[in-house]
Peer 1: 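The structure's right below; bear with me while I get my questions together.
When a ligand or atom number is given, it counts from 1 through the structure's own listing order. Here the structure is a predicted model, which means the values were calculated and not measured.
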Amino acid sequence: MKIVFATGNGGKLREAREILGGGFELVTPMEMGITEEIPETGSTLPANSRQKAEYIWDRCTCNCFADDTGLEVDILGGAPGVHTARYAGEGKDFDRNIDKLLRDMEAREMEASMAREAGLSLKDFGRKARFRCVVTLIINGEQHYFEGTLEGKIARTRSGNGGFGYDPVFIPDEYPDRTLADITEEEKNAISHRGKALRAMADWLAARSL
Ligand code: IMP
């Protein structure tokens, strides 16, 4: 089936093509003449995912889907989460950077006091993290949602050349000695947040012969 994937991220597109396989012809917004960056101003992953899919539907009334992904780090109280893409303050906005710094510090303090309350040292919280991916599908004007998560931890240093984004510092539970950038794309797709969400979408469509 022909369907627009509301992304300008080459890494996501490559993975989605691999995960969904030959039964899907993925079209980019650019190929539909949508050249501007798709806004994502929501305050949650589902809101952003929906906003991106609706942006495409409103412009071309075509079947489409969007993926919004966040990295949730326990020791940061779940941050960067929905702000994952702009965590480093792209745009060099100092106000935003200072806000982020204060938020991060508050989060760490909260974690520290939780750790103390639980009788654990900060170290015991480990470096646990997860990727959460929310996919919004708009098919014949109706919206459907699919989600996938990948549990793991954050490495102390980068490793590997594969993948994209935060992959060089994310160690999935399934491969405790390697980051997502160390394993093959096939291995990543088999366990990843995006793999789970997109396979759920493909199964849903197949069950309805769509
Ligand atoms: P968004 O879903 O386009 O908002 O992306 C959020 C951020 O997470 C971006 O900086 C991406 O590069 C990053 N990201 C999304 N998916 C992955 C992934 O599978 N591995 C590593 N980083 C990712």
Side-chain angles (χ1 to χ4, degrees), residues 4-20 26 28-30 34 36-56 64-73 76 78-93 96-97 100 104 127-138 145-155 157-175 178-201:
V4 178
F5 182 16
T7 190
N9 181 321
K12 283 188 184 181
L13 181 65
R14 196 179 59 242
E15 287 183 6
R17 287 201 163 121
E18 201 58 43
I19 292 161
L20 293 172
L26 299 195
T28 62
M30 191 80 86
I34 299 169
E36 68 277 17
E37 200 180 333
I38 303 174
E40 34 183 325
T41 55
S43 55
T44 62
L45 297 178
N48 271 346
S49 174
R50 180 178 166 182
Q51 183 182 22
K52 289 189 269 190
E54 284 179 346
Y55 192 84
I56 298 298
C64 59
F65 68 94
D67 146 341
D68 201 60
T69 297
L71 177 64
E72 301 172 348
V73 181
L76 295 177
V82 72
H83 304 293
T84 300
R86 289 166 182 80
Y87 194 51
E90 162 206 72
K92 296 182 184 157
D93 180 328
R96 279 179 54 198
N97 285 346
K100 173 182 135 43
D104 283 0
R127 299 174 62 83
K128 268 185 72 57
R130 73 205 48 79
F131 275 114
R132 189 180 303 282
C133 173
V134 179
V135 167
T136 302
L137 167 71
I138 305 186
Y145 304 93
F146 306 91
E147 194 171 319
T149 56
L150 175 64
E151 295 287 336
K153 62 181 182 177
I154 304 297
T157 54
R158 289 172 170 77
S159 176
N161 297 312
F164 69 98
Y166 295 82
D167 283 349
V169 290
F170 190 92
I171 300 172
D173 284 350
E174 289 84 345
Y175 295 95
R178 289 188 277 168
T179 69
L180 286 177
D182 286 320
I183 62 177
T184 66
E185 190 164 289
E186 204 179 351
E187 287 169 333
K188 178 184 172 186
N189 291 340
I191 58 167
S192 79
H193 43 296
R194 183 163 300 105
K196 289 169 188 158
L198 290 182
R199 279 190 293 276
M201 179 182 87

Peer 1: Only heavy atoms of Asp167, strictly under 4.0 Å: list the atoms of ligand 1 that pass.
Peer 2: 18 (C), 20 (N), 21 (C)

Peer 1: Hey, which of Thr136, Val135, Ile56, Ile138 is the one that makes side chain to side chain contact (heavy atoms under 4.5 Å, CB included) with Phe65?
Peer 2: Val135

Peer 1: Verify, without hydrogens or angle tests, whether Asp182 (side chain) and Gly160 (backbone) share a donor-acceptor contact under 3.5 angstrom.
Peer 2: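 Checked: pair present.
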
Peer 1: Considering only heavy atoms of Glu40, which atoms of ligand 1 have at least one such atom less than 4.0 Å away?
Peer 2: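 Numbered from 1, ligand 1 contributes 4 (O).
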
Peer 1: Assess whether a salt bridge exists between Asp68 and Arg132, defined as any Lys/Arg side-chain N lying under 4.0 Å from an Asp/Glu carboxylate O.
Peer 2: no

Peer 1: Does ligand 1 have a heavy atom under 4.0 Å from the side chain of Arg132, from its backbone, from both, or from neither?
Peer 2: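 Neither part.
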
Peer 1: Do any heavy atoms of His83 fall under 4.0 Å from ligand 1?
Peer 2: no

Peer 1: State plainly whether the residues Glu147 and Lys196 are in salt-bridge range, i.e. N to O under 4.0 Å.
Peer 2: no

Peer 1: Give the residue, atom name and distance (to 0.1 Å) of the protein heavy atom nearest atom 16 (N) of ligand 1.
Peer 2: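 Nearest protein contact, heavy atoms only, for atom 16 (N) of ligand 1 is Arg194 NH2, 2.8 Å.
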
Peer 1: Within ligand 1, which atoms have a heavy atom of Lys52 less than 4.0 Å away?
Peer 2: 2 (O), 3 (O)

Peer 1: Taking 4.0 angstrom as the limit and counting only heavy atoms of Asp68, give me the atoms of ligand 1 inside it, by number and element.
Peer 2: 1 (P), 2 (O), 4 (O)

Peer 1: N/O of Lys188 under 3.5 Å from N/O of ligand 1, yes or no?
Peer 2: yes

Peer 1: Would you call the rings of His193 and Phe131 parallel, tilted or perpendicular, taking 30° and 60° as the class edges?
Peer 2: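 Judged by the thresholds at 30° and 60°, the geometry between His193 and Phe131 is parallel.
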
Peer 1: Using a heavy-atom cut-off of under 4.0 Å, does the side chain or the backbone of Phe131 touch ligand 1, or both, or neither?
Peer 2: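 The answer is the side chain.
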
Peer 1: Starting from atom 12 (O) of ligand 1, find the nearest protein heavy-atom neighbour and note its residue, name and distance.
Peer 2: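 Nearest protein contact, heavy atoms only, for atom 12 (O) of ligand 1 is Gly165 CA, 3.7 Å.
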
Peer 1: Considering non-hydrogen atoms of the protein only, which is the closest contact for atom 5 (O) of ligand 1, and what is the distance?
Peer 2: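 Residue, atom and distance for the closest contact: Thr69 O, 3.8 Å.
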
Peer 1: Could you check atom 3 (O) of ligand 1 against the protein and tell me its nearest heavy-atom contact, residue, atom and distance included?
Peer 2: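 Answer, as residue, atom name and distance: Lys12 NZ, 2.8 Å.
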
